[in-house]
Visitor: 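Take a look at this one; I'll ask things after.
Not measured: the values here are computed from a predicted model.
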Amino acid sequence: MSKVLDPLKGPLKGDTTSSNSLTPKSSSPQPQSVHRKLYNRHVQLIAIGGSIGTGLFVTIGTTGLVRAGPLGLLLAYGIWTVVILLLTTAVGEMVSFLPVSSPFLTMAGRVVDPAFECAASVNFWIMQSLYIPFEITAVNGMIHFWREDYSPAIPLCVQIAIYACINLFAVRLYGECEFWLSIAKLILCIALLFFTLITMCGGNPQGDAFGFRNWHAAGGPIAEYLSKGNIGRFEGFLGCLRGSAAFTVVGPEYMSMVAGEAINPRKTMPTAFKTVLYRLALFYIGGALSVSILIAYNDPNYLKLTSDASNAASSPYVVAMQNLQIKVLPDIINVVIITSAFSAGNSYTYCSSRALYGLAQRGFVPRFFKICTKLGVPIFCVAVSICFSLLSLMQLGSSGNKVLNYMVSLCTGSQVLNYGFMSIIYIRFYHACKAQGIDRSTFPYRAWFQPYSIYIAASLIWCLIGILGYHVFKPGMWSVDDFLFNYVMIFVAIAVFSFWKLLKRTKVVKLSEADLYTGIEEIEEHEYEIYAKREANGEEDDDKKNGNFLKNALNWVF
C-alpha cells in the first residue's frame, strides 16, 4: 500500500515505524537540546539576510567584474543563480519533510552512508567556520575607507567579542539581531538597484546619463583573463563563475540550519523556501547588472584600491559614487555594507555552532559538544566558532585584500563541495521515497521538475568542483597556495569519509530500507502543543501577534 504523508500532521498512513497519534506528550526542551524559538518572520529574514553578505557588495567587483567584464559577470551570476535555485527547491523539499537540526546532513546518513554524512557534516562545519574570519576581515578592510592610522586588532577583537555575546545569550536574541540587520541589507539591495537606475539616466551631480557606457570599455564586454583572445574571455567567464558567483550566490544551507529551532517548522519552512527564490534571483542578478553598469571593469582607481597590496576592501558601489562626485552617500553606503558584513558574520557564527552541535548529536565528535545552557545555547560549540574567528588576526601580518582573497578561495571550494553533497543527498532521498512508495505530492513543499532539475544542477556543480583551481595547472602558473586553497577541502572530505568508513565499517544504505521517519513524532508533539495552546488561550498566529504591519509591508515590497 502506498504510504502518504500528511503535510500538517506528519505521520504516514499505514506506516508502523512512526506514531499516528497527536497525544500531548511532554516536549519540553531537554538540558541538552536547542529550543524552538524562531518565529516565521525570523526565518523569512534569516533565509534572505544570511544569503546576502560581503560577496554581493564587495568581492563581486574584485573577483567578478575585474576578471570577467560586465557581460561575463552577468552571465556567470545568471547561470549560477539558476543552478542554486534548482538546488534550493530540492533541499527545501527534504527540510520541509523533516525539519530537524542540520536536516540535510541528517538525511545524508539515512539515505546515502553514515561515512558520507560524516564527511559532508565536517565539510559544512569547516565552511561555516571559515566564513566567520572572512567577514571580520572584510569589515576591517571597509573601515580603512575612512582612515588607516589604527591597529587592525582593535576592530577585529571588538567584532569577535560582539559575536560571542550575541551567540552566547539565547537563540531569540540571535533571531532578533538577524531580523533587523537583514532588513537593513534588504533595504540596501533595493536602494542600490534604484541608485543604479537613477544615476545611469542622468540623476547625478554631473548630469551624465552614462547608461551602459561602461559596457564599452576597451577589451569588453567580456574581459580577457589569464589568456588572450576568445580563450581568455572564456577564462574570464570561468574566473568569475568559480571565484565570485560560486562564492556569492548561496541559499539553501542557511534556511536549512534554522529548521531545528523554528516554531511550527512544517508550516514555516515551506513558506521560507517558496518566497526566497525570486527575491534572491532579483538581488543576485540585479546586483551583478548594477555593478556592471556603475563601474568599468578596468577602472584605474578601483583596481588600485582592490590590489593585493591594499588594506582596503572597497565596494564597487562606493567607488562608483566617488567617481560621480557624490558626497556623503558613499559614507552612508559604506556604513550599511559594514553592518551587512557584520550580519553575515553573525549568521556564520550561528550556523557554525549548530553544525558542530549536529556533529555531536550524531556521534561524530565528543559528546560534551551536545551540552547546552538553560537558554538552549550549545555553549562549547559557540566557543569553538569564536576560536575560528581568531583566524581574522592573520590580517595583522599581511595585507587585508590578500587575506580576503585567500579566504574567498578556501570558502568557495568548501561551499561548492557542500552543494555537490547536497545534490547527491537529494537524489538518494528522491529515489528512497520512490522505492518505499511514498507520495511526494503530499509533502509540505515539493521541488520542481524532479528528478531532472536536480540532475542538471548536480552535473554543473560537480563540473565546477573539478575546475575550481584549474588555472594552477596552466604553464608557469603553478602555486602551492592557490592549489591548496582551491582543493584542500576535497582531500579533507576524502580523508574523513575513509576514516569513518574504516572505523565504523559502514555500508551504503539500501533505498528500500532508508529511515525517512525518525524525528517526525517529536515534531508532531511540538505542533500539537502549539495549536492546543493557541486554541486554549484564543491566541493569534505568532507572526500576526508580532509585527503584523511590518511583516505585511515586507511581503508587499519583497
Side-chain angles (χ1 to χ4, degrees), residues 45 48-62 65 135-150 152 154-155 158-159 162 177-208 210 214 248 279 282-284 286-295 299 301-302 304-306 310-347 400-401 404 550 553-554 557-558:
L45 269 295
I48 302 171
S51 305
I52 300 173
T54 308
L56 190 59
F57 303 121
V58 179
T59 57
I60 190 175
T62 54
L65 181 66
E135 296 293 346
I136 295 175
T137 301
V139 167
N140 179 58
M142 285 181 282
I143 293 175
H144 280 290
F145 172 77
W146 292 290
R147 58 191 303 168
E148 300 261 355
D149 58 339
Y150 68 89
I154 297 174
V158 168
Q159 195 170 349
I162 294 175
C177 289
E178 199 59 27
F179 177 76
W180 294 107
L181 289 172
S182 295
I183 288 177
K185 284 195 282 188
L186 291 173
I187 293 174
L188 176 62
C189 287
I190 297 295
L192 290 175
L193 291 176
F194 278 106
F195 169 81
T196 303
L197 178 62
I198 293 170
T199 54
M200 70 184 291
C201 294
N204 56 73
Q206 298 174 335
D208 180 14
F210 56 88
N214 289 321
T248 303
R279 298 173 185 177
L282 170 66
F283 295 141
Y284 289 134
L289 180 61
S290 294
V291 169
S292 69
I293 291 172
L294 289 171
I295 190 170
D299 182 280
N301 183 38
Y302 183 62
K304 179 181 177 181
L305 288 171
T306 57
S310 173
N311 280 317
S314 296
S315 167
Y317 293 103
V318 173
V319 175
M321 292 172 187
Q322 291 176 320
N323 290 344
L324 293 170
Q325 298 179 2
I326 297 174
K327 306 296 183 183
V328 181
L329 189 57
D331 297 275
I332 296 174
I333 296 299
N334 205 58
V335 168
V336 181
I337 292 176
I338 288 175
T339 64
S340 171
F342 175 87
S343 169
N346 191 36
S347 289
N401 263 295
L404 206 62
L550 179 59
L554 287 172
V557 174
F558 302 117

Visitor: In the structure I gave you, are the side-chain heavy atoms of I326 and P205 within less than 4.5 Å of one another anywhere?
Guide: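 In short, these two side chains touch, coming nearer than 4.5 Å.
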
Visitor: So which heavy atom on L65 is nearest to which on S292, and how close?
Guide: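 Closest heavy-atom pair between L65 and S292: CD1-CA, 4.1 Å.
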
Visitor: Go through the structure and list residues passing salt bridge (Lys or Arg N to Asp or Glu O under 4.0 Å) with D331, not counting sequence neighbours.
Guide: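 Salt bridge (Lys or Arg N to Asp or Glu O under 4.0 Å) check on D331 returns nothing, list empty.
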
Visitor: Within the structure provided, determine whether I60 and P316 are in side-chain contact (heavy-atom separation under 4.5 Å).
Guide: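 I60 reaches P316 side chain to side chain.
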
Visitor: As an exercise, state the distance from CD1 of I332 to CD1 of I337, rounded to the nearest 0.5 Å.
Guide: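 I332 CD1 to I337 CD1: 12.0 Å, rounded to 0.5 Å.
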
Visitor: Report the residues that fulfil side-chain hydrogen bond (donor to acceptor under 3.5 Å, both in side chains) with N301, sequence neighbours left out, ordered by chain and then residue number.
Guide: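 side-chain hydrogen bond (donor to acceptor under 3.5 Å, both in side chains) check on N301 returns nothing, list empty.
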
Visitor: State the CD1-CD1 distance between I333 and I338, to the nearest 0.5 angstrom.
Guide: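 The CD1 atom of I333 sits 11.5 Å away from the CD1 atom of I338.
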
Visitor: Looking at CD1 of I143 and CD of Q159, how far apart are the two atoms once the value is rounded to the nearest 0.5 Å?
Guide: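 The CD atom of Q159 is 7.5 Å from CD1 of I143, to the nearest 0.5 Å.
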
Visitor: Quick one: side-chain hydrogen bond (donor to acceptor under 3.5 Å, both in side chains) partners of N204, sequence neighbours excluded?
Guide: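 Counting only residues at least two positions away or on another chain, N204 forms no side-chain hydrogen bond (donor to acceptor under 3.5 Å, both in side chains).
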
Visitor: Which heavy atom in N323 sits nearest to a heavy atom in Q206, and how many Å separate them?
Guide: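 Shortest heavy-atom separation between N323 and Q206 comes out as O-NE2, 3.8 Å.
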
Visitor: Heavy atoms only: give me the nearest F210-I293 pair and the separation to one decimal.
Guide: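 Result for this residue pair: CE1-O, 3.6 Å.
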
Visitor: Less than 4.5 Å apart, any side-chain heavy atom of N214 and any of L294?
Guide: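 In short, these two side chains do not touch, never coming nearer than 4.5 Å.
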
Visitor: Check the pair V318, F57 against side-chain contact (heavy atoms from CB on, under 4.5 Å), reporting the backbone distance first and the verdict last.
Guide: CA-CA 9 Å; V318 173; F57 303 121; over 6 Å; no

Visitor: Which value, rounded to the nearest 0.5 Å, describes the distance between I136 atom CD1 and I162 atom CD1?
Guide: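 The distance works out to 10.0 Å.
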
Visitor: Is the shortest heavy-atom distance from the side chain of P330 to the side chain of Y317 under 4.5 Å?
Guide: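 They are not in contact (no side-chain heavy atoms under 4.5 Å apart), so the answer is no.
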
Visitor: List the atom pairs, donor and acceptor, that lie under 3.5 Å between side-chain atoms in residues 193-202 and the rest of the protein, sequence neighbours left out.
Guide:
residue: T196; atom: OG1; partner: L192; partner atom: O; Å: 2.8
residue: T196; atom: OG1; partner: S290; partner atom: OG; Å: 3.3
residue: T199; atom: OG1; partner: F195; partner atom: O; Å: 2.8
residue: T199; atom: OG1; partner: T196; partner atom: O; Å: 3.3

Visitor: Identify the two heavy atoms, one from M142 and one from A341, that lie closest to each other, and give their separation to 0.1 Å.
Guide: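 Closest pair (atom of M142, atom of A341, distance): CE-CB, 3.8 Å.
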
Visitor: Can you see which heavy atom on V58 is nearest to which on Y302, and at what distance?
Guide: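 Result for this residue pair: O-OH, 3.8 Å.
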
